[in-house]
Asks: 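Sharing a structure, written as structure tokens. Questions coming.
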Amino acid sequence: MEVQAVMTEMGRSARAAARVLASSSVEQRNEALLQIRAEIAADRDAILAANEMDLEQGRESGLEAALLDRLALTPAQLDVLEQGLSQVAALPDPVGAMSDMRKMPSGIDVGTMRVPLGVIGMIYESRPNVTIEAASLCLKAGNAVILRGGSEAIHCNKRLGESLAAGLSAAVLPVEAAQVVPMVDRAAVGALLTMPACIDMVVPRGGKGLIERVAAESKVPVLAHLDGICHVYIDTDADRDKAHRIAFNAKTQRYGTCNTMETLLVARA
């Protein structure tokens, strides 16, 4: 089946799933998150084995050490993913939340209400943990999501996609609410960017080249970053010992991630 046909079918099924999610209860969406957590806990060995396949292919293809670091998924990181699912499930329901209410001269009340966006296309590189993190936030907010990870993480992402589907099914929600693109063909990204009838917003997460391509080609609204520089600021009144520990951790905990400190600002005093 050609790439465009696969992506079109994924988009249509995601659109149908988004309608179900939009009318679901927060209890049902939270149950889905907790069921996904349980599936990941039960599938740890298979997930780690799939990740090792990706790492082995990455080594053979000559991936740089920083990219291999982002690609690696450890038992400790799976613990963090499971904790994150519990934390998202515990958050207040964003759907229907109202703010900025004010009474107009005519007597009517006007404010802002949060509603689901619909279907989100997530395009990202390397880090397979993004598959679960992005899906959990989208599902909590009542959105369906199509997840297109990097080709270097395809085995692990597909395995995590099975955990997502099993958790959604256990919560009696459509498995198409969180789909992992099963192919590495770059044309899948192009297809995702040109389906405004199926996709409501695209979120690219990765290097400058990816962001620029998405911004240039997309016929769908894009929520993007570009050349952010991660700062840590130490103020005059900061606890010196705590500031030192924070700055050291921000730079050295992991060198290859997008939130590693790049600029340290210290108050002149």
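Worth saying up front: this structure is predicted, and the values here are computed from it rather than measured.
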Asks: Would you call Arg159 and Asp43 a salt bridge, taking side-chain N to carboxylate O under 4.0 Å as the test?
Replies: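 Counted as a salt bridge, because a side-chain N and a carboxylate O are separated by less than 4.0 Å.
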Asks: Apply salt bridge (Lys or Arg N to Asp or Glu O under 4.0 Å) to residues Arg29 and Asp93 and explain how you reach the verdict.
Replies: CA-CA 10 Å; Arg29 298 195 302 276; Asp93 183 12; 2.7 Å; yes
Asks: Roughly how far, to the nearest 0.5 Å, is CD of Glu162 from CG of Leu164?
Replies: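 One gets 10.0 Å once the value is rounded to the nearest 0.5 Å.
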Asks: Using every non-hydrogen atom in the two residues, find where Val119 and Ala18 come nearest and quote the distance to one decimal.
Replies: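 Closest approach of Val119 to Ala18, heavy atoms only: CG2-CB, 3.8 Å.
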Asks: Is Arg15 atom CZ crowded by more than 12 heavy atoms from other residues, nucleotides or ligands, each under 6.0 Å away?
Replies: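 Yes.
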Asks: Do you know which two heavy atoms are closest between Val175 and Ser169, and how far apart they sit?
Replies: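 Looks like CG1-CB, 3.9 Å.
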Asks: Find the distance between CG (Asp235) and CG (Leu265) and round it off to the nearest 0.5 Å.
Replies: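 If I round to the nearest 0.5 Å, the distance is 11.0 Å.
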Asks: Report, as yes or no, whether the 6.0 Å neighbourhood of atom NZ on Lys158 holds more than 12 heavy atoms from other residues, nucleotides or ligands.
Replies: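 No - once you tally the heavy atoms of other residues, nucleotides and ligands closer than 6.0 Å, there are 12 at most.
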Asks: Using every non-hydrogen atom in the two residues, find where Asn157 and Gly149 come nearest and quote the distance to one decimal.
Replies: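 Minimum heavy-atom separation between Asn157 and Gly149: ND2-CA, 3.7 Å.
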Asks: With rounding to the nearest 0.5 Å, note down the distance linking CG in Leu33 to CZ in Arg37.
Replies: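 Going from the CG atom of Leu33 to the CZ atom of Arg37 covers 10.0 Å.
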Asks: Kindly list each side-chain donor-acceptor pair under 3.5 angstrom involving residues 61-68, sequence neighbours excluded, with atom names and distances?
Replies:
unit_1, atom_1, unit_2, atom_2, d
Ser61, OG, Gln57, O, 3.1
Ser61, OG, Gly58, O, 3.1

Asks: Do Leu73 and Cys156 pass the side chain to side chain contact (heavy atoms under 4.5 Å, CB included) test, and can you show the C-alpha distance, the side-chain angles, and the key distance before you say yes or no?
Replies: CA-CA 9 Å; Leu73 196 59; Cys156 190; 3.8 Å; yes
Asks: Given 3.5 Å as the limit, does a donor-acceptor pair link the side chain of Thr8 with the main chain of Ala5, or not?
Replies: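 Side chain of Thr8 to backbone of Ala5, a donor-acceptor pair under 3.5 Å: no, none is there.
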Asks: Decide yes or no on side chain to side chain contact (heavy atoms under 4.5 Å, CB included) for Glu27 and Glu31, but give the supporting numbers first.
Replies: CA-CA 6 Å; Glu27 290 79 15; Glu31 176 63 18; over 6 Å; no
Asks: Is the closest side-chain heavy-atom distance between Leu48 and Pro75 below 4.5 Å?
Replies: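 They are in side-chain contact.
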Asks: Would you mind checking if Arg44 and Asp79 are paired as a salt bridge, meaning a charged N to carboxylate O distance below 4.0 Å?
Replies: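 A salt bridge links Asp79 with Arg44.
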Asks: Which atom pair, heavy atoms only, marks the closest approach of Gly111 to Met101?
Replies: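 Nearest pair, atom of Gly111 first, then Met101: CA-SD, 3.5 Å.
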Asks: Name the atoms and distances for all side-chain donor-acceptor pairs under 3.5 Å in residues 179-189, with sequence neighbours left out.
Replies:
unit_1, atom_1, unit_2, atom_2, d
Gln179, NE2, Met10, O, 3.1
Gln179, NE2, Ser13, OG, 3.3
Gln179, NE2, Glu176, O, 3.0
Asp185, OD1, Ala187, N, 2.8

Asks: What do you reckon, is CZ of Arg59 surrounded by more than 12 foreign heavy atoms closer than 6.0 Å?
Replies: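 Correct, the count exceeds 12.
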Asks: Contact between Thr260 and Cys230 at the side-chain level, heavy atoms closer than 4.5 Å - yes or no?
Replies: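 No, too far: nothing below the 4.5 Å cut-off.
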Asks: Is the backbone N or O of Leu71 less than 3.5 Å from a side-chain atom of Asn51, with the two atoms forming a donor-acceptor pair by type?
Replies: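 The answer is yes, because a donor-acceptor pair under 3.5 Å joins these two groups.
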Asks: How long is the straight-line distance from CD1 of Ile120 back to CG of Leu223, given to the nearest 0.5 Å?
Replies: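 If I round to the nearest 0.5 Å, the distance is 9.0 Å.
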Asks: Spell out, as yes or no, whether a donor-acceptor pair under 3.5 Å connects the side chain of Asn143 to the backbone of Gly118.
Replies: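 Indeed, once roles are kept as given, a pair shorter than 3.5 Å links the two residues.
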Asks: Going from CE on Met195 to CZ on Arg12, what distance comes out if it is rounded to the nearest 0.5 angstrom?
Replies: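 Nearest 0.5 Å value for the CE-CZ distance: 9.5 Å.
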Asks: Applying the side-chain contact (heavy atoms from CB on, under 4.5 Å) test to Tyr124, which of Val203, Thr131, Leu210 qualifies?
Replies: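 Single side-chain contact (heavy atoms from CB on, under 4.5 Å) partner of Tyr124 among Val203, Thr131, Leu210: Thr131.
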Asks: More than 12 non-hydrogen atoms from neighbouring residues, nucleotides or ligands closer than 6.0 Å to OH on Tyr233, yes or no?
Replies: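 Counting other residues, nucleotides and ligands, OH of Tyr233 exceeds 12 neighbours.
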Asks: Do Gln87 and Gln83 have a side chain donor and acceptor closer than 3.5 Å?
Replies: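 Distance-only check fails for Gln87 and Gln83.
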Asks: Just wondering, are more than 12 heavy atoms of other shown residues or ligands nearer than 6.0 Å to NE2 in His244?
Replies: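 Not buried by this count: 12 neighbours or fewer within 6.0 Å.
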Asks: Do you know which two heavy atoms are closest between Leu21 and Ala144, and how far apart they sit?
Replies: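 The answer is CD1-N, 3.7 Å.
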Asks: For Arg148, enumerate each residue passing the salt bridge (Lys or Arg N to Asp or Glu O under 4.0 Å) test, keeping only those at least two apart in sequence or located in another chain.
Replies: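 Counting only residues at least two positions away or on another chain, Arg148 forms no salt bridge (Lys or Arg N to Asp or Glu O under 4.0 Å).
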Asks: Return the CG to SG distance between Leu117 and Cys138, rounded to the nearest 0.5 Å.
Replies: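 Interatomic distance, Leu117 CG to Cys138 SG, rounded to 0.5 Å: 8.5 Å.
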Asks: Given Ile36 and Leu139, is the side chain to side chain contact (heavy atoms under 4.5 Å, CB included) satisfied, shown in steps?
Replies: CA-CA 11 Å; Ile36 292 167; Leu139 293 172; 3.9 Å; yes
Asks: Find out if a path of hydrophobic residues (ILVMFWY) with successive side-chain heavy-atom gaps under 4.5 Å connects Leu55 to Ile47.
Replies: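 No; tracing contacts between hydrophobic side chains, which count when under 4.5 Å, never links both residues.
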